[in-house]
Amino acid sequence: MKETIKCRLVAIQNGIYTNYVFQNLNKAEDDELRYITVTKCPNWQYYDSLNIGDEGFIVYEFAEAGQDYIDNVTGETKKYKYTANYFMNFIKEQIIKDNTKEFNF
């Protein structure tokens with residue numbers, strides 16, 4: 001099931017599988033679920049660079065080991081090897097201005 005949360009990127013661990021830690025901006029300071037770790041698979045295409053401090057909306061999917069998925073490169077059905085939150089997309093927050101107002105997206 002896909003989830004979307006408003007967040008800030010606080011840590012990156014680069015590797016074949018890149019791990020991101022996001023601070024959920026909708027959670028209270030003392031909430032134990034304030035941070036989420038998301039894994040980006042090596043075959044997942046994302047064309048924008050992510051930097052510590054970026055704010056926006058992370059789209060991720062929780063998957064359990066053994067669950068089926070479709071490989072984006074080959075189109076084949078495969079099974080997840082690990083239980084994790086998997087990176088789908090990150091939409092950076094931008095301020096759009098018109099003549100009278102500012103909009104945060």
### Task
For Leu50 and Leu9, work out which heavy atoms get closest and say how close.
CB-CD2, 3.9 Å
### Task
Could you walk me through whether Thr18 and Thr39 pass the side-chain contact (heavy atoms from CB on, under 4.5 Å) test, one step at a time?
CA-CA 6 Å; Thr18 302; Thr39 301; over 6 Å; no
Do any side-chain atoms of residues 57-69 form donor-acceptor pairs under 3.5 angstrom with protein atoms, and if so which ones, sequence neighbours left out?
| residue | atom | partner | partner atom | Å |
| --- | --- | --- | --- | --- |
| Gln67 | OE1 | Glu64 | N | 3.1 |
| Asp68 | OD1 | Lys79 | NZ | 2.8 |

### Task
Please tell me if the side chains of Leu25 and Arg8 come closer than 4.5 Å, counting only heavy atoms from C-beta onward.
yes
### Task
Please collect all salt bridge (charged side-chain N to carboxylate O under 4.0 Å, His left out) contacts where either partner lies in residues 39-48, sequence neighbours excluded, each pair once.
Asp48-Lys92
### Query
Hey, does Thr37 have a side-chain heavy atom less than 4.5 Å from the side chain of Asn85?
no
#### Entry: Check: Thr74 main-chain N/O paired with Asp71 side-chain donor or acceptor under 3.5 Å
yes
### Plane angle bin for Tyr20 and Phe87 - parallel if under 30°, tilted between 30 and 60°, otherwise perpendicular
tilted
### Message
Less than 4.5 Å apart, side chain to side chain, heavy atoms only: is that true for Cys7 and Asn24?
### Response
no
### Query
Run the side-chain contact (heavy atoms from CB on, under 4.5 Å) check on Ile12 and Asn19 step by step: do they pass?
CA-CA 6 Å; Ile12 301 172; Asn19 291 302; over 6 Å; no
### Message
What I'd like to find out is whether the side chain of Trp44 reaches to under 4.5 Å of the side chain of Met88, using heavy atoms alone.
### Response
yes
### Which atom of Phe90 lies closest to which atom of Gly56, heavy atoms considered
CZ-N, 3.6 Å
### Message
One pair to check against side-chain contact (heavy atoms from CB on, under 4.5 Å): Val38 and Tyr86. What are the steps and the verdict?
### Response
CA-CA 5 Å; Val38 178; Tyr86 288 98; 5.8 Å; no
### Task
Go through Ile52 and Val10 one step at a time and tell me if the side-chain contact (heavy atoms from CB on, under 4.5 Å) criterion holds.
CA-CA 5 Å; Ile52 301 294; Val10 296; 5.6 Å; no
### Query
Do you know which of Glu93, Glu55, Gln23 makes side-chain hydrogen bond (donor to acceptor under 3.5 Å, both in side chains) with Lys6?
Glu93
